[in-house]
Amino acid sequence: MPELPEVEIVKRSLEKTIKFKKIKQVFIKNKNLRFKIQKNIPKKLKNEKILRIERKSKYLIVNLTKSKYLIIHFGMSGTLHLVKKNKKNIYTNLSFYNQQKLPKKHNHVEIVFNRLKLIYNDPRRFGFILLLSSKKEFLNFFKKLGLEPLDNKFNNKYLMSKIHHRKKKIKDILLDQSIVSGLGNIYVNEILNYSRINPKKLGFKLGSYEIKLIVKYSKLVIKKAITKGGSSIRDFKNSKGQKGSYQNEFRAYNRNEKKCINRYCKGIIKRIFISNRSTFFCKKCQK
DNA sequence: CCGTTAACCTGAGAGC
DNA sequence: TGCTCTCAGGTTAACG
C-alpha cells in the first residue's frame, strides 16, 4: 500500500514516539505474512532498545542495539498502529490511514513497550517483518535496490543509463525497484503526467529531454507528497485525526474521465491497464 | 540476460 | 439481503 512518502511519514511519526524506548515483549499472533516471521524474533527483540528509525525506499528499518535491524515492509495493506496501554485501547493513529476501527483479526504482530504497544495490521498479508542480525546481512538485503528519487545521485545520467536500452514500457521501468526505488503505482502515474510522457512509451524511445523531465518531476512529486503527509485513499470517511492530503493533489491517479490539469491541455484522463495495474494518463498531452 | 504473466491474500463496492 | 465480479498504494517465481 504505502509508497516512499507514506513510509517516510510513518518513520517520522515513530521517531517521535518509540525512539529510545525499550521493547518489553513481542507477540506474534500470525506468522504467515509474505515471508514466515522468524520464530526467534520475540526472544531476540526482548529488552532491546530502539536506537534509530530509518527508511529505505518502501522499507521501514528499526535499528536496535547489537546491530539488529527489524525490517518492515507494508505490502499493499499493511499499517502500523500505536495503542496506549492500560486505558481501554485508545488508538493513536500513526499510519496516516485513519483506521479508527482496527480490525483486530489482522493484528499479526505486537511490540510492547512500557506504556505503548505497536501493532502491525495487514489484511492481505503481502507485507512482512524480518530481523537482520548484522551489518553484512543488512547490506546484502538491500543491495539490489536502485537509487531513490531524492538521492543526489539520481540524475539524468543515472536514469539514462538504466533506461536507454530497455524495451519495457516506461511505466513498468519506473515501477522496477532495482532501477528507481520507492515509487509505486500512484506516484509513477503522477510523475508521467507531469512529464507529459505516455506510460506505454518504451524506454529506449525516450530522449534525453524526457529523461530529464522524469528526474525533475520524480523529485518534485515525492518531495511534495512528503510535505503533504503522503496520500490517504479509500478511507476518506474517517476524517478525524491526522491524515495525508496528497490525494487532493492527484493529477492523474484515480481521475478517470476528469480533465487533465496540465497547462494548455484540455484533454481527458483515461484509465488503461499496464501489466495488470491501473494506469491513468492523458492521451492529448502525454506523448 | 530480458520481458511478461500469474500468483500470493482479504475486503469493499458495484451491479443484478 | 445476498450473490458474483472487479479492483486495490506490491513483489517475485516461473516461463518462453
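Every heavy atom of this structure was used, including side-chain atoms; hydrogens, water molecules and symmetry mates were not. Lettering follows sequence order; numbering is per chain, from 1.
Remark: C1' of dT11(C) and CD1 of Ile71(A) are 16 Å apart, rounded to the nearest angstrom. Atom CG in Asn189(A) sits about 14 Å away from atom C1' in dG10(C), given to the nearest Å. Rounded to whole Å, atom P of dG10(C) lies 12 Å from atom CG of Leu4(A). Atoms CG (Asn256(A)) and P (dC7(C)) sit 12 Å apart, rounded to a whole Å. For the pair Asp172(A) CG and dA6(B) P, the interatomic distance rounds to 14 Å; values are reported in whole Å. Phe74(A) places its CZ atom 20 Å from the P atom of dT10(B), with the value rounded to the nearest Å.
Electrostatic pairing of Asp176(A) and Lys168(A) counts as a salt bridge here, judged by a charged N lying under 4.0 Å from a carboxylate O. For Glu48(A) and Lys66(A), the salt-bridge test passes: some basic side-chain N is under 4.0 Å from an acidic carboxylate O. One finds a salt bridge joining Glu210(A) and Lys201(A) here, because a Lys/Arg side-chain nitrogen approaches an Asp/Glu carboxylate oxygen to under 4.0 Å.
The aromatic ring of Phe126(A) sits over the base of dG10(C), with ring centres less than 5.5 Å apart and planes inclined by under 30°.
Phosphate contact (OP1/OP2 of dT11(C), side-chain N/O of Gln177(A), threshold under 4.0 Å): present. Between Lys168(A) and dT4(B) there is no side-chain N or O to OP1 or OP2 distance below 4.0 Å. Dashed line: the shortest gap from a side-chain N or O of Arg124(A) to OP1 or OP2 of dC8(B) is not under 4.0 Å. Put simply, Tyr187(A) has no side-chain N or O that comes within less than 4.0 Å of OP1 or OP2 on dG9(C). Note on Arg34(A): every side-chain N or O is 4.0 Å or more away from OP1 and OP2 of dC9(B). For His106(A) and dG11(B), the shortest distance from a side-chain N or O to OP1 or OP2 is below 4.0 Å. Considering only side-chain N and O atoms, Ser278(A) lies under 4.0 angstrom from the phosphate OP1 or OP2 of dA8(C). Here Lys58(A) reaches the OP1 or OP2 of dT11(C): one of its side-chain N or O atoms lies under 4.0 Å away. For dG11(B), one of the phosphate oxygens OP1 or OP2 lies less than 4.0 angstrom from a side-chain nitrogen or oxygen of Lys105(A). Taking only side-chain nitrogens and oxygens, Arg125(A) never comes nearer than 4.0 Å to OP1 or OP2 of dG10(C). The side chain of Arg277(A) contributes no N or O atom lying less than 4.0 Å from OP1 or OP2 of dC7(C).
Stem regions annotated for DNA chain B: B:2-8 with C:10-16, B:10-16 with C:2-8, counting only runs of 3 or more consecutive pairs of Watson-Crick or G-U type with both contacts under 3.5 Å.
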| task | Go through the steps to decide whether Glu110(A) and Lys117(A) satisfy the test salt bridge (Lys or Arg N to Asp or Glu O under 4.0 Å), and finish with yes or no. | result | CA-CA 6 Å; Glu110(A) 291 188 5; Lys117(A) 246 200 263 189; 3.2 Å; yes

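For the salt bridge (Lys or Arg N to Asp or Glu O under 4.0 Å) with Glu249(A), the lone residue among Lys223(A), Arg255(A), Lys224(A) that qualifies is Lys224(A).
DNA chain B is contacted by both His165(A) and Asn276(A); His165(A) maps to the nucleotide lying nearer its 5′ end (nearest heavy atom per residue).
Within the 4.5 Å cutoff, side-chain heavy atoms of Tyr59(A) are placed close to those of His73(A). Contact check for Cys260(A) versus Asn193(A): side-chain heavy atoms found under the 4.5 Å cut-off.
Here the side chain of Glu8(A) pairs no donor or acceptor atom with the backbone of Leu4(A) at under 3.5 angstrom.
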